[in-house]
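Every value quoted in this text rests on a predicted model; they were computed, and no experiment measured them. Counting starts at 1 for both ligands and their atoms, following the listed order.
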Amino acid sequence: MVVDYLIVGQGICGTMLSWFLRKEGKSFLVIDEARNDTSSKVAAGLINPVTGRRYSYSWMADILLPFAESSYTSMEAELGLKFFEKKNLIDFFPSPNARLAFIETMNEREEYLNSYPDQNHFNQFFDYEFGCGEIRPVYTAHLSLLLPTWRSKLHEWNSLREEPFEFEHLVLKDGSVSYHDVEAEKIIFCEGATGEFNPFFEKIPFAPNKGQAIIIEAADLPGEHVYKRGQLLVPMAKKDHYWVGASYQWKYEDAQPTQAFLEQVQTLLNNWIKPSYRIVAHLAAIRPATLERRPFVGLHPQHDAVGIFNGMGTKGTSLAPFFANQLVQNLVHGLPITPEADIRRFSRILSK
Ligand SMILES: Cc1cc2nc3c(=O)[nH]c(=O)nc-3n(C[C@H](O)[C@H](O)[C@H](O)COP(=O)(O)OP(=O)(O)OC[C@H]3O[C@@H](n4cnc5c(N)ncnc54)[C@H](O)[C@@H]3O)c2cc1C
């Protein structure tokens with residue numbers, strides 16, 4: 001089999017990369033083992049321009065959000081699948097200081113942060129003492145719908161192998177690679193958190209962290225917004241189902257859900273939401289985060305048939321569309337990659 005690109009991984013990165021390569025008329029084969037505990041399968045798929053306790057604006061939010069919106073809506077149209085929604089976020093302030101921080105940031109800059117006129121509007125559903133504000137636009141991309149739909153397309157085109165990728169079978173040639181019976185111009189690794197063990201890229205500063213979330217069913221909650229009070233409460237694609245999370249753990253023994261997180265979320269929910277709810281699942285995965293919180297995008301400085309598209313951290317749904325397109329434009333037309341994301345910023349480390 002001869003293809004232009006061999007792609008390892010079909011999380012949000014491998015999905016967006018293959019989507020944009022197809023737009024350029026390039027052929028590819030995706031290798032992905034079917035695992036359930038991967039970051040894209042556990043994520044809420046939230047796209048939020050605001051981050052942290054000080055309500056800072058996320059890196060490149062002004063560029064990434066419109067690009068994500070146009071990419072996901074054109075995928076919806078072409079795939080005949082509704083998976084992308086605008087769900088502005090109602091932030092219930094956990095303390096008077098948080099309220100103050102929100103108002104200060106809102107007064108400094110006009111985008112994204114807004115006061116909510118009727119402060120009692122959510123009283124019927126939530127307990128909140130210190131008021132609320134609205135962050136908009138915020139979107140959710142339901143990856144639980146997008147990923148399997150794209151996967152069945154890949155199956156249909158004979159462009160997917162469901163198996164673990166094994167490095168010992170990869171042969172680098174002069175300007176191309178081979179893997180078993182496959183000949184490709186280049187191989188691009190989109191392996192998520194397992195990328196830190198990739199022999200080509202193990203020296204770059206991955207800083208993986210574990211995230212957990214709970215899925216609840218709550219028929220009487222209003223599903224038109226995302227809500228936040230300490231944790232996020234995100235309406236899911238399935239009716240009356242909400243995603244609640246997440247944790248950020250840099251020290252962990254394994255990638256399994258923990259009783260401590262479950263209890264912490266139950267306590268929060270019992271003090272926050274008024275309608276009854278039922279816990280239906282508890283999920284955990286390792287996020288492919290990086291030390292400087294910037295993605296890894298581009299070709300290896302020493303092996304130009306080997307590339308990486310990884311390091312999305314907490315923001316895969318926002319970052320992946322823009323940087324997948326940028327990587328494809330780089331591969332096909334030689335256009336530059338944003339320096340903060342370009343893997344060549346690690347040329348020295350990768351050349352040792
Ligand atoms: C609890 C939690 C909540 C999150 N919430 C959000 C959110 O709301 N919004 C947001 O933007 N981000 C969120 N994230 C982060 C987001 O999930 C990641 O940034 C993103 O999913 C990373 O995608 P990826 O494609 O790089 O990796 P992955 O999703 O891990 O995909 C990698 C794929 O490669 C495959 N693979 C790896 N190695 C091999 C191999 N050797 N052989 C074959 N296949 C292989 C895996 O099976 C997998 O399918 C969250 C993460 C967690 C854990």
Distance-only N or O hit between ligand 1 and [X], under 3.5 Å:
{"X": "Gly45", "result": "yes"}
{"X": "Arg35", "result": "no"}
{"X": "Arg287", "result": "no"}
{"X": "Ala285", "result": "no"}
{"X": "Cys13", "result": "yes"}
{"X": "Lys41", "result": "no"}
{"X": "Ala246", "result": "no"}

Would the [X] and [Y] ring centres measure less than 6.0 Å apart?
{"X": "Phe309", "Y": "Phe323", "result": "no"}
{"X": "Phe165", "Y": "Tyr179", "result": "yes"}
{"X": "His303", "Y": "Phe200", "result": "yes"}
{"X": "Tyr112", "Y": "Tyr57", "result": "yes"}
{"X": "Phe296", "Y": "Phe346", "result": "yes"}
{"X": "Phe322", "Y": "Phe67", "result": "yes"}

* **Pairwise distance OG(Ser39) to CZ(Arg287) - rounded to 0.5 angstrom** => 7.0 Å
Check each atom of ligand 1 against the heavy atoms of [X] and keep those under 4.0 Å away; list them by number with element.
{"X": "Ala43", "answer": "3 (C), 4 (C), 5 (N), 6 (C), 13 (C), 14 (N), 17 (O), 50 (C)"}
{"X": "Pro164", "answer": "42 (N), 43 (C)"}
{"X": "Met312", "answer": "19 (O)"}
{"X": "Thr317", "answer": "9 (N), 10 (C), 11 (O), 12 (N)"}
{"X": "Glu191", "answer": "32 (C), 34 (O), 37 (C), 38 (N)"}
{"X": "Thr194", "answer": "37 (C), 38 (N)"}
{"X": "Val42", "answer": "1 (C)"}
{"X": "Cys190", "answer": "32 (C), 33 (C), 34 (O)"}

Using heavy atoms and a 4.0 Å limit, tell me yes or no: is [X] in contact with ligand 1?
{"X": "Gly313", "value": "yes"}
{"X": "Trp243", "value": "yes"}
{"X": "Glu163", "value": "yes"}

* To do: Mark yes when over 12 heavy atoms from residues, nucleotides or ligands other than Glu166 sit less than 6.0 Å from its CD; otherwise mark no.
  =>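 Counting other residues, nucleotides and ligands, CD of Glu166 exceeds 12 neighbours.
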* Applying salt bridge (Lys or Arg N to Asp or Glu O under 4.0 Å), which residue pairs with at least one partner in residues 128-156 are found, sequence neighbours left out? ->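 Matches after skipping sequence neighbours: Asp32-Arg151, Glu134-Arg136, Arg151-Glu162.
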* Asked: Who's the nearest protein heavy-atom neighbour of atom 28 (P) of ligand 1, and how far?
  ->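 Here the nearest protein heavy atom works out to Ser40 OG, 3.8 Å.
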* Structure fact -> The protein heavy atom nearest to atom 34 (O) of ligand 1 is Gly9 CA, 3.1 Å
* Considering Gln10, Glu33, Met16, which one's heavy-atom position lies nearest to atom 44 (N) of ligand 1? -> Glu33
* Option set Leu232, Ile214, Leu283, Leu46, criterion heavy-atom distance to atom 8 (O) of ligand 1, minimum ->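 Considering heavy atoms of Leu232, Ile214, Leu283, Leu46, the nearest to atom 8 (O) of ligand 1 sits in Leu46.
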* Can a salt bridge be assigned to the pair Arg278 and Glu217 using a cut-off of 4.0 Å between side-chain N and carboxylate O? ->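 Salt bridge flag = yes for Glu217 with Arg278.
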* Asked: Is any NZ, NE, NH1 or NH2 atom of the basic residue among Lys87 and Glu85 found under 4.0 Å from an Asp or Glu carboxylate oxygen of the other?
  -> yes
* Check Thr314 against ligand 1 and report side chain, backbone, both or neither, counting heavy atoms closer than 4.0 Å. =>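 For Thr314, the contact with ligand 1 is made by the backbone alone.
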* Structure fact -> Minimal heavy-atom distance between Gly9 and Val30, with the atoms involved, is O-CG1, 3.8 Å
* To do: May I have the step-by-step check of side-chain contact (heavy atoms from CB on, under 4.5 Å) for Asp91 and Val50, ending in yes or no?
  => CA-CA 11 Å; Asp91 194 341; Val50 170; over 6 Å; no
* When you look at Arg345 and Glu340, which way does the salt bridge (Lys or Arg N to Asp or Glu O under 4.0 Å) test go after all the steps? -> CA-CA 7 Å; Arg345 69 194 187 276; Glu340 293 103 307; over 6 Å; no
